[in-house]
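A short write-up of the structure that comes next.
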Amino acid sequence: MNKAAKSLAVILLATSIISPAASAKSDQAKESLVALGDSIPFGYNLGQTNQNPSKAAYPYLIRAEEDLRVRNLGIPGWQSEQLLDALEDEQKYRQAVSHADYVVITIGNNDLLQILREAGEESAGNQALFQQLLVQKLQADDVFANIAAAIAETRSLTDAPIVLYNVYNPFQLTDQLHYVADAILPGINQTFAALAASSENVYLADAYTAFGDNQAAYVIQGDIHPTAAGQQVLADIGTSAFGLE
């Protein structure tokens, strides 16, 4: 083999060795988004088997817009205490958050739905008692303390910006609970806003205002979870809250 041929062979060999590594490094260099919370970031009931997070869920829609890697750790049915426990004790969550460039949190919905159910059952149709029990249970519950602690734990693991989603009204206009929720959610969401404002580099995504009274378009009929269009709305307000527009 002559000198020129040997040089070409060396170059080709070097290229074949370096290229895969360079490609892998480029992929790993993408910024990452970690999604924490319940069935909403998971994308529950969006036409799949619900065994794995749906690619139509809002974390993946943010990824599509911003070319981010996504680690979706949303768990259907989770309440605020379960998320807090995971952030404090489970290495999978702690490592994911510690490597995140962006974090989204949607939690508290199931806590509030449980309170709503309990107040409904205990009041047995008495509307005045229902409202009284609702206020009492909200005041006594640890949901906001848990969310505050979850934000603090997240912040202790990363200095990445965090977007906290507040609570949209999940009930259709034809459901009496829509009007019950509209009476209590503004106050609840003021607390979400205060939680975001009191923490460094934490921003609120106002799902309540974004959904408004458009449940027919944004909430699955006979369900409380977002439609594909609703998930897109959540992605849009999350992207805006991060300042990625």
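Judged as a side-chain hydrogen bond (donor to acceptor under 3.5 Å, both in side chains), the pairs with a partner in residues 213-230 (not counting sequence neighbours) are, in order, Ser39-His225, Asn45-Asp223, His178-Asp213, Asp223-His225. Sorted by first and then second residue, the ring pair (Phe, Tyr, Trp, His ring centres under 6.0 Å) pairs with a member in residues 66-94 read Trp78-Tyr93; sequence neighbours excluded. Within the structure, every pair that satisfies the ring pair (Phe, Tyr, Trp, His ring centres under 6.0 Å) test and touches residues 117-164, not counting sequence neighbours, is listed here: Phe144-Phe192.
Remark: side-chain polar atoms of Asn189 are paired, donor with acceptor, to backbone N or O of Val167 under 3.5 angstrom. A donor-acceptor contact shorter than 3.5 Å is absent between the side chain of Arg155 and the backbone of Pro161. Panel note: side chain Arg69, backbone Lys30; a donor-acceptor pair is recorded below 3.5 Å.
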Check: residues 55-64 side-chain donor-acceptor pairs under 3.5 Å, at least two apart:
unit_1 : atom_1 : unit_2 : atom_2 : d
Tyr58  : OH     : Thr106 : OG1    : 2.7

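Surrounding CD of Glu200 are at most 12 heavy atoms belonging to other residues, nucleotides or ligands under 6.0 Å away. Heavy-atom neighbours of Glu81 CD from other residues, nucleotides or ligands within 6.0 Å: at or below the threshold of 12.
Residues Pro226 and Ile40 share a closest heavy-atom pair of CG-CG2, 4.0 Å.
Note on Leu234: it does not cluster hydrophobically with Leu185, by side-chain heavy-atom contacts below 4.5 Å among ILVMFWY residues. By the rule that hydrophobic residues join a cluster once side-chain heavy atoms approach within less than 4.5 Å of another member, Leu157 and Val70 end up as members of separate clusters. Two different hydrophobic clusters hold Ile162 and Tyr165 under the rule that ILVMFWY side chains link at heavy-atom gaps under 4.5 Å.
Taking the salt bridge (Lys or Arg N to Asp or Glu O under 4.0 Å) definition, one finds that Glu153 meets it with Arg94, sequence neighbours left out. Under the ring-ring contact (aromatic ring centres under 6.0 Å, His included) criterion, Tyr168 pairs with Phe211, sequence neighbours left out.
A salt bridge links Lys137 with Glu118: the closest approach of a Lys/Arg side-chain nitrogen to an acidic carboxylate oxygen falls below 4.0 angstrom.
If you check the side chains of Gln114 and Asn110, you find no donor sitting under 3.5 Å from an acceptor.
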Open item on the list: Could you go through Phe242 and Tyr102, starting from their C-alpha distance and side-chain angles, then the distance that decides it, and tell me whether this counts as ring pair (Phe, Tyr, Trp, His ring centres under 6.0 Å)?
Closed with: CA-CA 8 Å; Phe242 279 127; Tyr102 302 94; 5.0 Å; yes
